[in-house]
Amino acid sequence: MSSFVGRDDDLVEIGRLLRTTRLVTLVGPAGVGKTRLAAELVGQLQRAGRGEVVLVELARTKGAAVALEIKSALGITHGDPHVLAGRDLLLVLDNCEHALDDCGELLGALLTQVPDLRVLATSRESLRLPGEVAYQVHGLSGADRRSDAVRLFLDRARTVAPELEFEDADTTVVAEICAKLDGLPLAIELAARLVRAFPLDEIRARLDDRLSLLTGGWRTADQRHQDLRKAIAWSYELLTPPEMTIFRRLSALPGGFGPDVAGVLMGETNRAQVLELLLSLEAKSLIMPCAGAPGTARFRMLESIRLFGQEELVASGEGDWTFDRIVDWLQVVVTPALEAVITSDEAMGRLILEHDNLEHVVERLSESADERQVLIAAALAQVRSHYGQVGDLTVAMLDGALDRTDPDSPHRSIALGQAAQLAGLRGQYDEAVRLGEAAVELERQRGRVTVLGRLLRLLHGVRDRRGEREQAMSALRETLDISRRVEDHTGMVLCLNDLAWHHLVEGDVARAERVLDPWAGVLRFARLPDRQVASVLHTRAAIALHKDDLRTAEARFAESLRVAAGACLETQVLYALDGLAVVALLCGRAERGLLLVGASDAAHKVAGVPRDPWSARRIDEALTASGVPEVHARATIATGRRTTVRDAVAYALEELTEDSGTDPLSQRERDVIELVTKGFTNRQIAARLYISVRTVETHLRKIRDTLGLRSRAHIAAWATQRGASQIA
């Protein structure tokens, strides 16, 4: 009786499957719209006169009654299925998840004995029968104002409040509501019914309590589809006791999880049993696979399902025990990243992967004096600074952890060092040096040589920015000595890079080149962190610039920018943009250079990261040498200041891309395709490419239109057939 919104691709694909497959099961979590999708498909088939359809609703049927219900609907009497012979018949079984064995036994016999029979089933778990195709039904896309999720919300809202008119600003809020609800149609419909009583902003604000809020569905619907909590409880009650236990405990991890933490939370359960439990929850649509570290499995829960699990965890009395185990586990995870002289890409990647879990733990520990929060807060601050998030909230978070905990905490020096780094990135060099000195002095008493090396390298950086060259060089040489003693090849290269930069700034270009050039080849084979690769490339570009080798300088600045932008390293992005602006001005491409100067000006201001003295001096010299009239220069720079960092990066790199006019896909679109083939989500692609989620969706839409493809899976298949070298 209500309109059907979206799902065009699903309808086409399921219709195709039913023409070639005898058993198709629509699987997915509670409220994702499996029944509604099946009903729409059946309606299309009936309107087109394509055979006979028999529908059996099984939600209220159990045990032996399941087979009787199905046979009765089919007209099978005396147990003889041959009465179905010769009929073009589609059997639709709705809500099979609680009757998998009964359905499976009967269908196994019917499909064998009646060759013309086809079956479409809906279930939160596949039937696991030979020849079955399990079609995964996902939530509606909700990040775009024109998305199916937003259309569904507005359609249902107008049925309860026809007088309401929605402006563009309203649909933006609706898109946020739909995204927070993971695009689940049941949740969206229940939320839409609230517009009669609540403003959109209040609905959005109340979604943390959605299980109490989203009730009162259609009176004609099954009882469990009138209430989001009841819909999820139906799945939960079908679990075995061990499945219930691991489900509850994993719900305490809002950022996703892998088998490692699942094993920790299940105590004595062996690894094989943990993997079996995870696979079972995934099969039952209570958890879903998501992108993790290369070569590792990772899962997450839809937020509505996770909030239900949280309620069950509290009710079980296991909440505090579970949280305590998670904190201990996170300490083990973050330690390698924070105790090394240089944080490796793998260790940094793991911190980024656990970002939401770190935030959750830090927020909860902030109500206590638990000394573990110092290390966890330092890890979270490192992730935020990695992405240029060095504002007051990050500083207050780390300062609060330091204030609340014992000054004798073994991790205090690490947190002080992270606080020094934040102050340095904010241009507060006096504070940064004070904190850095305190961290080094404290760590000398601890005796952890790699941690000391890490803090000395940080102290070198902030002293250098404060103009204390002699003290900075002393800290750098001690860091280099530590790297040699512990045979840290990466640390040695990066210390030498810093040393070369010192010589370059002092005007001794030949000495800088002698220090760094023998190690240039390391970039080709050593697994250096992206931040340090970008830094070394920037130094080598600057050396080429001082030697007036503008072509080499531009190529190295561009390579540094690609690495930095790909890893979302905001500070390194700004340094590389400054370098490319200087090269463009010196090469006579004044318009390009001035636009990049303006874009970089604005980006430095937004990030709160001051331009380093070397870049500032080189830009001033290049502006003078360009001979551009001051009035024109100011106007063009002002235009550049209105450019976003993302657009500036694209502008800086696209002009350097070879054969850009002969390919129907842009370089950015090829980058998106490459990440799609690796299984990245839109949000992860946006983070990697330094663009917004909405821009990723636009690129994917254009890629599909250009190549004539229908889905992400088709894009990945297209890319795989052509090989990575033709795409990247």
Decide yes or no for [X] and [Y]: does some side-chain heavy atom of the first lie under 4.5 Å from some side-chain heavy atom of the second?
{"X": "Leu129", "Y": "Leu107", "answer": "yes"}
{"X": "Phe4", "Y": "Leu11", "answer": "yes"}
{"X": "Val119", "Y": "Leu90", "answer": "no"}
{"X": "Val676", "Y": "Phe680", "answer": "no"}
{"X": "Val27", "Y": "Val137", "answer": "no"}
{"X": "Glu40", "Y": "Arg7", "answer": "no"}
{"X": "Asp102", "Y": "Ile70", "answer": "no"}
{"X": "Ile414", "Y": "Leu375", "answer": "yes"}

Would you say that more than 12 heavy atoms from the other residues, nucleotides or ligands in this model lie under 6.0 Å from the [atom1] of [X], or not?
{"X": "Asp324", "atom1": "CG", "result": "yes"}
{"X": "Glu105", "atom1": "CD", "result": "no"}
{"X": "Asp406", "atom1": "CG", "result": "yes"}

### side-chain contact (heavy atoms from CB on, under 4.5 Å) partner of Trp329, the single match among Leu253, Val334, Val361
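It is Leu253; the other options fail the test.
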Short question: side chain of [X], backbone of [Y] - any donor-acceptor pair under 3.5 Å?
{"X": "Glu13", "Y": "Asp10", "result": "no"}
{"X": "Thr322", "Y": "Glu318", "result": "yes"}
{"X": "Asp94", "Y": "Thr35", "result": "no"}
{"X": "Ser368", "Y": "Asp370", "result": "yes"}
{"X": "Thr20", "Y": "Leu17", "result": "yes"}
{"X": "Glu176", "Y": "Cys178", "result": "no"}
{"X": "Ser280", "Y": "Glu276", "result": "no"}
{"X": "Lys180", "Y": "Leu207", "result": "no"}

### Task
Give the C-alpha distance, both sets of side-chain angles, the deciding distance and a yes or no for salt bridge (Lys or Arg N to Asp or Glu O under 4.0 Å) between Arg404 and Glu371.
CA-CA 8 Å; Arg404 286 187 295 271; Glu371 72 91 21; over 6 Å; no
Got a second to check how far [X]'s [atom1] is from [Y]'s [atom2], nearest 0.5 Å?
{"X": "Leu238", "Y": "Arg124", "atom1": "CG", "atom2": "CZ", "result": "8.0 Å"}
{"X": "Leu91", "Y": "Leu111", "atom1": "CG", "atom2": "CG", "result": "8.5 Å"}
{"X": "Tyr135", "Y": "Leu37", "atom1": "OH", "atom2": "CG", "result": "7.5 Å"}
{"X": "Leu211", "Y": "Gln310", "atom1": "CG", "atom2": "CD", "result": "10.5 Å"}
{"X": "Leu250", "Y": "Leu278", "atom1": "CG", "atom2": "CG", "result": "6.5 Å"}
{"X": "His138", "Y": "Leu184", "atom1": "NE2", "atom2": "CG", "result": "12.0 Å"}

Tell me yes or no: between the side chains of [X] and [Y], is some donor less than 3.5 Å from an acceptor?
{"X": "Glu132", "Y": "Thr25", "answer": "yes"}
{"X": "Ser366", "Y": "Gln373", "answer": "no"}
{"X": "Glu125", "Y": "Ser123", "answer": "no"}

### Query
Where do Arg372 and Asp328 land on the salt bridge (Lys or Arg N to Asp or Glu O under 4.0 Å) test, with the steps shown first?
CA-CA 8 Å; Arg372 294 175 297 178; Asp328 285 343; 2.7 Å; yes
### Query
Taking the six-membered ring of Phe257, is the NZ or CZ of Arg300 close enough (under 6.0 Å from the centre) and on axis enough (within 45°)?
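No, Arg300 and Phe257 do not form such a contact.
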### Query
Is Asp148 salt-bridged to Arg151, cutoff N-O under 4.0 Å?
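Counted as a salt bridge, because a side-chain N and a carboxylate O are separated by less than 4.0 Å.
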### Task
Indicate yes or no: does Arg350 engage Asp260 in a salt bridge with an N to O separation below 4.0 Å.
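A salt bridge is present here (some side-chain N lies under 4.0 Å from a carboxylate O).
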### Geometric class of the Tyr236/Phe247 ring pair [parallel <30°, tilted 30-60°, perpendicular >60°]
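Tilted: the ring planes of Phe247 and Tyr236 meet at 30° to 60°.
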### Query
Going by the angle between their ring planes, with limits at 30° and 60°, are Phe323 and His360 parallel, tilted or perpendicular?
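Answer is perpendicular, since the angle exceeds 60°.
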### Query
Given Arg384, which of Gln389, Glu359, His355 fulfils the side chain to side chain donor-acceptor pair (under 3.5 Å) condition?
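So, applying the side chain to side chain donor-acceptor pair (under 3.5 Å) to Arg384 and each of Gln389, Glu359, His355, only Glu359 qualifies.
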